[in-house]
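Each chain gets a letter, A, B and so on, in the order the sequences are listed, and its residues count up from 1.
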Amino acid sequence: MYFMTERIYEYQKNILEKILEDKYDLKTSLIWSKPPSSDLGDISFPLFNVAKQLSIPPSELAIAIQESFSEPKYINKVEIQGGFLNLYLNKQSFSLDTLLKILSDAKYGQSTIKSSERIIVEHTSSNPTGPLHIGHFRNSILGDVIGRLFRFMGAAVNFRYYVNDLGRQIAPLIIGYHLLKEKGIEPNIKVDLWIGKIYATMNTFLEIQQLKEHLNSIGIKGTSKDNLYSLSLEETSKCKEVLKDHKLRGTEKEQIFESIDKLFRVQNSLEERIPDVYLELRKLTSKQITDLNQLTMEYVIEYQKGKDKELVSKFRKVTQEALAGHVETLNLFNIFHDDFDWESDVAWSGEVETILVKLEKNKFLIHDGKARLLDNDKIGTNLGFKEKYNLKYEMPSSIIVNSEGITLYPCRDIAYHLHKLEKFNASYCYNVVGKEQQFPQLTVKLALYGLGEPDIADKIEHFDFETVNLVGRKMAGREFEYVTPDEVYDLVKDEVNILLEERDYSEEEAKNISEKVATSSIKYFILRMDPKKLVVFDVKKAVNLNENTGPFLQYSYARALNIIKKAKENSLEIQEILSNAEQMNFDIEKEEEWELIKMMEELPYILVKAAESLRPDSVANFTYSLVAAFHKFYDSCPVLKANPDTLRDSRLLIVYCFLKCLESLFEVIGIDYLEKM
RNA sequence: GGACCAGUAGUUCAGUGGAUAGAAUGGCUGCCUGCGGAGCAGUUGGUCGUCGGUUCGAAUCCGAUCUGGUCCGCCA
């Protein structure tokens with residue numbers, strides 16, 4: 001069999017190259033392509049380039065090659081069209097070999113090309129300040145499928161989640177959470193959603209306080225102290241009135257106007273949408289917390305030190321709960337992490353201080369008062385980083401310690417990455433993180449260079465992707481404004497259940513179907529888009545079950561499987577038919593049949609290409625094309641009613657192989673197959 | 001001001017140097033409920049943001065430009 005070792009396309013290419021060498025003494029590398037339609041053959045070689053090298057007209061060269069070409073087993077016909085040499089495959093042997101290969105593989109398309117690699121995929125790593133929303137979820141899906149893809153290529157894959165429990169944004173949440181807890185108010189919804197409400201509320205209080213203090217500091221005293229955490233209408237209009245005549249610079253003044261309006265709007269919106277949490281917390285906070293801003297700072301600093309046991313357990317409890325909510329959502333969608341790394345653990349390890357000392361010693365820190373900046377351009381230029389990564393511009397430096405001497409999150413990130421690969425003895429590490437973090441991600445690598453660890457840095461890659469917006473608006477955790485996978489899941493499930501009512505399924509079956517359809521629907525909707533393109537999430541479209549959707553793929557599987565089932569009901573011995581495969585005749589006449597087989601042959605190479613180019617979406621799109629080819633086959637090539645029996649058997653084999661293809665693809669894109677729908 | 005990304009049928013998206021740029025959906029026209037459904041066939045629709053360049057050949061590579069998004073010293 002030719003492609004036990006190499007693909008027929010490559011094989012033919014080598015033959016042609018040999019001819020060129022023998023005949024013209026020319027060593028060259030040809031490229032092959034697929035002709036636009038089957039009428040023009042199955043493999044095509046443009047000869048323009050070679051013709052030019054030899055100074056022979058392309059058509060003349062094609063004729064010369066055609067004369068020397070003989071390959072009766074796999075090629076039926078060789079034709080010349082302009083400067084193209086077109087080969088027509090022998091359908092009989094190509095089909096048979098392809099199908100036998102699919103049959104004999106445990107998992108068709110599985111490979112060992114990455115079997116020497118140990119790969120970390122860090123993904124999701126969402127702030128524990130609320131539930132996962134569809135935007136985070138794009139991250140989860142992409143990370144998960146990249147990992148699955150590498151695993152299918154033979155790599156050992158380790159999925160990690162970095163828990164960002166140290167940010168300043170956490171503190172107000174902790175404060176609010178415990179205010180409610182002391183009052184005996186417990187979550188009445190999924191806990192991460194509950195946390196999301198508290199976070200949005202407390203953060204708004206904090207921002208209002210900061211705004212008021214800022215206004216005070218520039219001499220605008222139109223705000224009252226007794227309602228430090230809320231804005232009244234009179235208050236805002238009075239402030240804006242005074243501000244108009246204030247001698248601030250235009251842009252600064254505009255910014256203040258904007259933030260007054262925004263906070264006023266957010267406050268009212270929260271009050272209206274989540275009155276339970278919002279009103280209760282406003283009461284509690286204004287009564288018990290005299291200075292939220294101050295308390296937030298104290299909490300952050302203390303937690304970073306990690307010495308105050310009581311405070312540590314307060315922080316850990318809340319973040320743990322939020323994280324549990326994330327994990328619950330992820331697991332619902334069949335996404336699992338192997339390890340969780342806590343940012344606070346990194347901070348407490350003392351590694352950050354060591355790193356700062358070392359960077360200082362290596363003279364890569366810029367001083368600005370107490371603040372420290374990483375001299376990215378100096379590192380990039382002096383240590384060959386810019387050259388290696390082909391960066392030609394001057395790189396701005398990045399702040400890693402603020403003017404109060406407090407280390408910022410990039411410090412922890414650098415420390416984390418210094419030892420991250422060791423945790424799994426990894427040969428490579430993908431960080432699946434939104435594209436807005438390109439610069440910080442670059443900073444980490446530069447810092448590792450600056451620390452004399454370029455080998456580690458070179459093994460880290462930022463897999464970035466675009467954001468997900470909602471129709472007409474962005475998602476905003478701080479405003480409790482988002483769509484969660486959980487709620488879309490419920491919507492799709494309801495939709496499916498309505499459809500299933502008309503059918504005769506047991507409760508258990510119906511549950512299984514609606515759950516698997518719901519997850520595939522959402523996952524596929526996001527996965528199939530190019531990661532670099534902005535997704536506008538439209539719930540109505542994600543709920544759609546036809547067209548290019550996850551459920552449509554599942555439906556195709558069930559449809560194909562049904563043929564096999566029916567065959568068994570007609571007392572056909574499938575195993576026996578399959579074991580006779582080698583004797584089968586594939587004198588294919590139907591175009592639809594041929595296209596399907598050719599596409600199945602392509603599957604392993606699609607996967608390799610997807611892994612190499614880091615395009616998980618291409619696997620999804622290929623799956624859809626394959627399924628579309630199957631439906632065309634289904635419509636034009638009767639299987640069970642095919643006559644004679646030998647034709648029926650060969651088509652049964654095709655259907656069986658198609659199922660195996662889908663099983664492999666589903667494993668990679670992480671959707672479940674269903675036996676019936 | 002600098003950097004990165006995107007711009008393709010009315011719409012949602014494929015297509016990372018090859019032939020007449022594909023699919024789905026929408027619109028229009030037929031057929032039909034025949035292994036499993038609102039299915040099938042046909043038809044309509046694009047100066048691939050714009051302008052240059054490289055090439056036998058460009059949606060694809062290079063340069064400029066427009067539009068949108070994101071980032072660029074104290075959030076993560």
Review point. Under 3.5 Å, is there a donor-acceptor pair between the A:Glu436 and A:Thr467 side chains?
Key: no
Proximity to the side chain of [X] - top-ranked nucleotide from [options]:
X: A:Arg528; options: B:rU8, B:rU12, B:rU55; value: B:rU12
X: A:Asn164; options: B:rG69, B:rC71, B:rA76; value: B:rA76
X: A:Pro396; options: B:rU55, B:rC72, B:rC35; value: B:rC72
X: A:Lys474; options: B:rC75, B:rG18, B:rG69; value: B:rG69
X: A:Ile399; options: B:rG73, B:rA14, B:rC56; value: B:rG73
X: A:Arg615; options: B:rU16, B:rA76, B:rC35; value: B:rU16

Practice item. Tell me whether the centres of the aromatic rings in A:Tyr557 and A:Phe658 are closer together than 6.0 Å. Key: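 Not close enough - the centres of the two rings lie 6.0 Å or further apart.
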Practice item. Let me know, please, whether A:Val401 or A:Asp635 comes out on the 5' side of the other along RNA chain B by nearest nucleotide. Key: A:Asp635
Review point. So, does the side chain of A:Ser618 form a donor-acceptor pair with the base of B:rA14 at under 3.5 Å?
Key: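 No, the side chain and the base share no sub-3.5 Å donor-acceptor pair.
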Check your understanding: Donor-acceptor pair under 3.5 Å: do we get one between A:Asn86's side chain and the base of B:rA19?
Key ->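 Present.
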Practice item. Check every strand shown and say whether A:Tyr409 touches a base, only sugar-phosphate, or nothing at a heavy-atom separation below 4.0 Å. Key: base
Practice item. Grab the CG-C1' distance between A:Leu659 and B:rC35 for me, whole Å please. Key: 13 Å
Revision key, fill the gap. From CG of A:Asn49 across to C1' of B:rC56 the rounded distance in Å is 9 Å
